[in-house]
Every structure is written in C-alpha cells, then in structure tokens.
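Ligands are counted one by one from 1 in listed order, and the atoms in each one are counted from 1 as well. Counting from 1, the numbers follow the sequence of the chain as shown. Just so you know, these numbers use all the heavy atoms, side chains as well, and skip hydrogens, waters and symmetry mates.
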Amino acid sequence: MTQKIIIDTDPGQDDAVAILLALASPEIEVLGITAVAGNVPLPLTQLNARKICELAGRADMRVFAGCDAPMRRALVTAEHVHGRTGLDGPDLPEPTMPLQQAHAVDFIIDTLRSQPAGSVTLCPLGPLTNIATAFARAPDIVGRVQRVVLMGGAYFEVGNITPAAEFNIHVDPEAADIVLKSGVEIVMMPLDVTHQALTTRARIRAFREMGTRVGTVVAELTDFFERFDVEKYGSEGAPLHDPCVIAWLLQPELFEGRHVNVEIETTSPLTLGMTVADWWGVTDRPPNATFIGKVDADGFYRLLTERLARL
Ligand code: RIB
Ligand code: CA
C-alpha cells in the first residue's frame with residue numbers, strides 16, 4: 001500500500017535531498033509538491049522544486065507555487081545558509097517542466113477533499129504558511145489529513161536562527177500555532193533529532209561514489225550546505241534536516257520520540273517561534289505532537305544512499 005503525500009517545501013539543499021528520497025521510494029506516491037517562501041523567496045523555491053524534479057527524471061510531477069510571505073509577518077530568508085539561489089552548489093539547468101497554474105493552497109484543499117479521508121499525509125519541510133492557510137480557509141480538510149510529518153522546532157538543541165527558535169517555525173510562528181492547535185496528528189522532526197543526522201566526509205563520499213548524476217549533485221549540494229554549519233558549530237558535517245521527514249515515512253523504526261504537548265511562542269520578540277515542548281510532562285497541557293528526539297544516523301544514511309542510488 002503506497003503512502004500518498006504532499007511535500008510542502010522551500011528548497012533549500014536539504015529539501016532537495018528530501019524530495020529526491022521521496023521520488024526514489026516506491027512506497028511513496030507524491031501527489032504534488034507545493035512551494036512556500038522560506039529559505040529563499042517563492043520565485044526561487046518553486047523554480048528549485050522543478051529543477052530537482054527534473055534531476056530525478058520526474059518532469060511529470062505537479063509543482064505549485066504557494067504563499068510568498070508568512071501569514072502575519074515579513075519574510076525572513078536564509079541565503080547565508082543556502083546561497084543566493086537557495087540551491088547553491090551544483091549547476092542545475094533551468095527546468096522545462098511547467099509550474100502548475102493553481103495556487104498551492106487550493107491544490108492542498110482540493111486534494112484533501114477529493115482523496116479518501118485519512119489517506120494523505122502532509123510533509124511540510126519549510127515554514128507552515130501554506131498548510132495553515134489551507135486549514136484556516138477550509139477547516140473541513142483538517143479531519144481528512146492522515147497526519148502531518150514536519151521538519152521544525154527545537155527543544156534540547158535550542159534554536160538555529162535565533163537563540164530560541166528553529167528557522168521554519170520562526171519564519172511563520174502564527175502558522176505553526178494554527179497547525180499545532182488544529183487537532184491533526186503531528187510528527188515533528190526538530191533540531192534535536194536532525195542535528196544527529198550529520199553529513200560527514202565519508203557519507204558525502206558515498207554520494208559521490210554512486211557515479212550517477214543524482215549522486216554527484218547530492219554530493220555538491222551537501223558540500224555547499226555543510227560549510228555554514230561546520231563553521232558555526234565546529235561539527236563535522238551539516239545536519240540533513242528535511243530528509244528525516246521522508247525517512248520516517250519509510251523506516252519509522254530508525255527514530256525515537258515522545259508524544260508531548262508542544263506550544264509555539266507567537267508574541268515575545270526574544271523567543272518568537274520557540275517550540276515549548278513539555279518533554280517531562282510538568283503541565284496538564286494535552287499532548288499534541290510526537291516530538292522526535294533520536295535517530296539511528298548510520299541507518300538513516302544507509303537508507304538515503306541506497307534509495308538515491310536508484311535514481
Ligand atoms: O532549520 C532547518 C530548516 O530550515 C530546514 O527545513 C531548512 O531547509 C530550512 O528550511
Ligand atoms: Ca526546508
């Protein structure tokens with residue numbers, strides 16, 4: 001039984017690897033890819049999504065452009081991490097596949113209304129603007145979502161764009177608040193777990209040694225992506241955040257988490273976008289997300305490398 005998903009994304013080198021992993025995996029049927037403003041502005045995230053689909057040989061994939069700014073705030077981007085294009089590293093050709101005319105939010109709403117209830121998983125890899133806008137505009141779809149598996153948040157690992165907040169949540173905290181309070185089943189991949197999935201020299205070499213175009217491009221993407229984190233954290237390699245979402249769909253046993261209450265800071269300028277996870281159950285706030293804290297990093301990279309080699 002294939003898992004039907006919609007990938008909502010702001011490519012971004014790590015988003016690109018997540019999209020490739022999904023397209024390489026027969027267990028997953030990607031119904032569409034919706035681009036959102038995040039790492040770089042929307043014109044670039046929708047372009048990058050199409051470049052990656054064509055790299056995977058999937059010019060048939062439907063790519064939609066969504067919201068070009070957070071629900072209530074100015075856009076914050078991360079060119080310092082991803083480069084001016086958002087996909088710096090490899091030299092990818094301009095895509096020939098078209099961008100779909102429909103707005104991404106309409107695609108999300110229409111798909112959830114037309115697919116059987118509980119059969120579609122949403123996989124947000126960037127700010128939650130498209131998802132929250134769809135939920136706000138069409139509350140009837142919330143109960144039809146199978147689950148949301150998202151990359152975002154941080155608790156023990158603290159923030160990466162501010163001392164308190166992870167980028168995806170910080171960019172649109174109101175959107176994250178809507179999703180976390182919607183009642184939908186949520187699996188969160190915070191920095192707590194993605195910082196365990198580091199690209200190392202050996203792991204990047206394994207991509208390059210595939211001898212395929214995809215392997216070479218992924219090596220170039222991760223080479224570029226890691227330079228910022230290595231300098232900032234002094235760690236060997238960069239955290240491959242977004243592919244953790246797709247890997248969880250494929251092999252959830254690689255991950256460990258806890259069903260806890262998570263709330264979003266939406267007012268304090270100091271901690272805006274912080275995900276306050278009640279990890280120790282010290283409040284009576286009801287659990288609303290499975291907050292993932294561990295991954296078998298070797299198993300994750302084994303899965304990723306094996307799958308990417310298929311493209
Ligand atoms: O904080 C990491 C997240 O922000 C990842 O999804 C990365 O692509 C950026 O969107
Ligand atoms: Ca992303």
At under 4.0 Å between heavy atoms, is it the side chain or the backbone of [X] that contacts ligand 1, or both, or neither?
{"X": "V81", "answer": "neither"}
{"X": "D10", "answer": "side chain"}
{"X": "T194", "answer": "neither"}

Looking only at protein heavy atoms, which one is nearest to atom 6 (O) of ligand 1, and how far off is it?
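Residue, atom and distance for the closest contact: D242 OD1, 2.6 Å.
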
May I ask you to identify the nearest protein heavy atom to atom 9 (C) of ligand 1, giving residue, atom name and distance to one decimal place in Å?
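Among all protein heavy atoms, the one nearest atom 9 (C) of ligand 1 is N39 OD1, 3.1 Å.
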
Can you tell whether the side chains of [X] and [Y] come within less than 4.0 Å, N to carboxylate O?
{"X": "R73", "Y": "D172", "answer": "no"}
{"X": "D91", "Y": "K51", "answer": "no"}
{"X": "R84", "Y": "D88", "answer": "no"}
{"X": "D223", "Y": "R208", "answer": "yes"}
{"X": "R307", "Y": "E27", "answer": "yes"}

Of all the atoms in ligand 1, which lie at a distance below 4.0 Å from a heavy atom belonging to [X]?
{"X": "H241", "value": "2 (C)"}
{"X": "M151", "value": "2 (C), 3 (C), 5 (C), 6 (O)"}
{"X": "D14", "value": "5 (C), 6 (O), 7 (C), 8 (O)"}
{"X": "D15", "value": "8 (O)"}
{"X": "E166", "value": "1 (O), 2 (C), 3 (C), 4 (O)"}

V76 reachable from M274 in the ILVMFWY side-chain graph, under 4.5 Å edges
no

Find out if a path of hydrophobic residues (ILVMFWY) with successive side-chain heavy-atom gaps under 4.5 Å connects L20 to I7.
yes

Could you tell me whether the side chain of W280 reaches within less than 4.5 Å of the side chain of R258, counting heavy atoms only?
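They are in contact (side-chain heavy atoms under 4.5 Å apart), so the answer is yes.
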
Calculate the angle formed at the Ca ion (ligand 2) by OD1 in D10 and O in L125; 10° precision is enough.
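The two atoms form an angle at the metal of about 90°.
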
What angle, to the nearest 10°, do the atoms OD2 (D15) and OD2 (D242) form about the Ca ion (ligand 2)?
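Seen from the Ca ion (ligand 2), OD2 and OD2 are separated by roughly 70°.
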
Quick check: does N168 get an N/O under 3.5 Å from an N/O on ligand 1?
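Yes, there is a polar N/O contact under 3.5 Å.
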
Return a yes/no value for L125: is any of its N or O atoms, backbone included, closer than 3.5 angstrom to an N or O of ligand 1?
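So ligand 1 has an N or O lying under 3.5 Å from an N or O of L125.
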
Is the gap between the ring centers of F225 and H82 under 6.0 Å?
yes

